[in-house]
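Accompanying notes for the structure given below.
By convention in this document, chain letters (A, B, ...) are assigned in the order of the sequence lines, proteins followed by strands, and residues within each chain are numbered from 1. Just so it is clear, the values below take in all heavy atoms, side chains as well, and ignore hydrogens, waters and symmetry mates. These numbers were taken from a predicted model, which means no experiment stands behind them.
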Protein chains: 2
Amino acid sequence: MIVLPREIAEHVGRDDVVVWDGDPATPPGSTRFYVPSYMAGEWAFEAMRLMPDLEVCQLHTAGFEHALAHLPEGVTLCNAAGVHDASTAELAVGLILARLRRIDDMARAMPSGDFIHDRYDALADKRVVVVGAGGIGQALARRLEGFECEVVLVGRTAREGVRARAELDELVREADVVVIAVPLDDSTRGLVDGAFLARMRDGSLLVNVARGAIVDTDAILAEAGRLSFALDVTDPEPLPPEHPLWRAPGVIISPHVGGNTTAFLPRIGRLVREQVERWESGSPLRNVIVS
Amino acid sequence: MIVLPREIAEHVGRDDVVVWDGDPATPPGSTRFYVPSYMAGEWAFEAMRLMPDLEVCQLHTAGFEHALAHLPEGVTLCNAAGVHDASTAELAVGLILARLRRIDDMARAMPSGDFIHDRYDALADKRVVVVGAGGIGQALARRLEGFECEVVLVGRTAREGVRARAELDELVREADVVVIAVPLDDSTRGLVDGAFLARMRDGSLLVNVARGAIVDTDAILAEAGRLSFALDVTDPEPLPPEHPLWRAPGVIISPHVGGNTTAFLPRIGRLVREQVERWESGSPLRNVIVS
């Protein structure tokens with residue numbers, strides 16, 4: 001039995017699936033291929049204990065830590081890497097342009113109608129260093145191609161079109177914009193600390209569309225004003241209303257909305273359909289985290 | 001004698017030019033090639049009366065109406081069409097993303113720290129109709145290429161890759177985003193009126209980076225809320241602080257900053273250098289408005 005939440009099932013385009021949104025009263029026990037609901041919370045993962053025939057758990061997120069704790073022995077776990085690339089990369093461009101062109105300041109000045117015309121930064125002619133050469137980093141690089149700016153992709157190791165993370169200290173010194181688009185792991189936790197930010201030029205912009213814990217929040221607060229920040233993710237998250245980061249100068253914060261857009265459903269629908277077809281035909285699944 | 005304002009002269013890269021920023025006490029009478037100052041206002045144009053040897057007036061704007069009234073008989077007038085394309089097209093993308101992804105609402109919610117997470121529109125999968133297939137329209141289409149959206153360029157007449165303005169009524173009905181990027185002339189003044197907006201789908205977005213008078217302000221106010229608007233130009237302009245457009249729902253306004261960015265000086269510098277070289281060698285000038 002293939003079990004999917006309703007909003008995804010509609011985009012998968014098969015009529016042989018069972019819709020289940022994590023109602024604890026009716027866990028579908030004969031589930032073999034399972035997509036936990038986006039909205040159901042912890043219970044959607046705990047329910048896997050009650051699915052003795054479960055073979056595949058397909059997430060609709062790139063992150064998978066929350067599922068690992070509940071994954072039964074022998075079940076294959078796949079994430080949704082790639083599904084959020086378009087939406088997240090697009091937000092990164094939106095945040096870069098909003099901050100450089102001061103669209104955030106203009107929006108805030110609108111109620112009083114008194115925004116002062118001035119000459120601001122363009123993205124054209126700037127050097128953008130994208131830390132992370134995976135799906136989001138590459139999706140971002142494709143989107144920046146038309147903007148007459150220079151894009152430097154930075155991966156773990158150097159390869160064609162990608163610089164090595166070992167060069168990052170030097171690359172950051174010459175960047176106008178640095179975008180963080182790496183997964184959170186032991187090598188990236190706290191990667192952007194006070195020393196990292198100190199290397200950045202006056203007036204340059206740091207964008208984080210990855211995970212909050214990659215950037216040290218106290219370091220942001222110390223540098224806000226000299227540097228500019230655009231953050232879709234924060235540490236802590238959600239950011240409490242009284243947190244000073246909400247009101248730090250030159251900082252724009254979006255509430256972790258990188259992936260959750262209208263682009264999500266068609267893309268997760270295509271991924272789940274492909275994965276179900278692979279599973280049925282015995283082909284290797286994509287995005288396998290645990291097998 | 002070649003006479004340029006200081007900030008442009010620095011980017012032209014020649015040492016045989018005279019810097020003049022429109023100080024009325026010292027009009028350079030032997031001027032033959034002249035770029036009026038960006039900041040000096042009316043006097044910079046009136047000064048042409050005091051330049052009996054003037055051959056070329058090279059503007060740094062695409063608009064040229066303000067210079068025509070003061071242009072002496074026999075002087076060639078060139079505009080700066082193309083110089084603002086990168087910056088203006090870039091702002092159009094920024095405004096589209098800001099409005100679809102609600103970066104404007106997020107910026108306004110930041111001081112209270114209480115923005116509510118929700119699923120908003122992505123640009124991916126959308127159909128963007130760009131009214132105007134000139135420099136800005138094409139620069140915008142290039143920038144949108146990586147965004148997984150469909151771009152429809154609309155020109156005066158149909159040609160390869162460009163639909164005819166005669167089809168606009170139908171194209172607007174199927175658009176998610178309509179961007180106005182045409183010059184203001186008799187055929188475009190009031191082009192976007194109540195009937196035009198009535199054709200647009202609920203929730204779709206109109207962006208104006210051209211001239212305020214192309215879009216009817218009362219029609220915007222009547223449709224704001226059903227439609228979304230992102231306006232770099234308005235009618236009237238500047239918009240008085242008490243004007244209701246500043247506070248209309250779903251409207252973001254930037255204060256005519258499409259062209260005035262850091263991208264401007266390197267590009268006007270390159271254009272002026274090329275024009276001076278053409279003038280010196282007797283080659284045809286670019287962007288000739290009056291000759």
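Going from atom OG1 of T261(B) over to atom CG of D121(A) covers 8.0 Å, rounded to the nearest 0.5 Å. Interatomic distance, L123(A) CG to L91(B) CG, rounded to the nearest 0.5 Å: 12.0 Å. S254(A) OG to Y120(B) OH: the interatomic distance, rounded to the nearest 0.5 Å, is 11.0 Å. From M106(A), atom CE reaches atom CD1 of I252(B) across 8.5 Å, with rounding to the nearest 0.5 Å.
Within a 6.0 Å sphere centred on CZ of R6(B), heavy atoms belonging to other residues, nucleotides or ligands number 12 at most.
Chosen from R108(A), H243(A), E242(A), H256(A), the residue pairing most often with chain B at heavy-atom distances under 4.5 Å is R108(A). Counting heavy-atom pairs under 4.5 Å between each of S87(B), P266(B), P240(B) and chain A puts S87(B) at the top. If you tally non-hydrogen atom pairs under 4.5 Å between each of G259(B), A263(B), P241(B) and chain A, the highest count goes to P241(B). Between chain B and the residues A139(A), A122(A), G146(A), the most heavy-atom pairs under 4.5 angstrom are made by A122(A). When the candidates I96(B), L100(B), D125(B), D104(B) are compared by the number of heavy-atom contacts under 4.5 Å with chain A, D125(B) comes out ahead. With chain B as partner, the option from A89(A), P111(A), A141(A) having the largest number of non-hydrogen pairs under 4.5 angstrom is P111(A). Across L239(B), L245(B), N260(B), the residue that shares the most heavy-atom pairs under 4.5 angstrom with chain A is N260(B).
Looking at R247(B), only its side chain comes within 4.5 Å of chain A, counting heavy atoms on both sides. With a threshold of 4.5 angstrom between heavy atoms, A98(A) approaches chain B through side-chain atoms but not through N, CA, C or O. Heavy-atom distances place no part of P238(B) under 4.5 Å from chain A, backbone and side chain included. When heavy atoms are compared at a cutoff of 4.5 Å, L95(B) approaches chain A by way of both its backbone and its side chain. Interface residue A124(B): backbone and side-chain heavy atoms are both found under 4.5 Å from chain A.
Side chain of R101(B) to backbone of V257(A): a donor-acceptor contact under 3.5 angstrom is found. With hydrogens and angles disregarded, no donor-acceptor distance shorter than 3.5 Å links the side chain of R119(B) to the backbone of T262(A).
For the pair E90(B) and K126(A), the salt-bridge criterion is not met [side-chain N within less than 4.0 Å of a carboxylate O]. One finds no salt bridge joining E145(A) and R142(B) here, because no Lys/Arg side-chain nitrogen approaches an Asp/Glu carboxylate oxygen to under 4.0 Å. A salt bridge links R267(B) to E148(A): one of the charged nitrogens lies within less than 4.0 Å of a carboxylate oxygen.
Nearest heavy-atom pair across M110(A) and I253(B) is SD-N, 3.3 Å.
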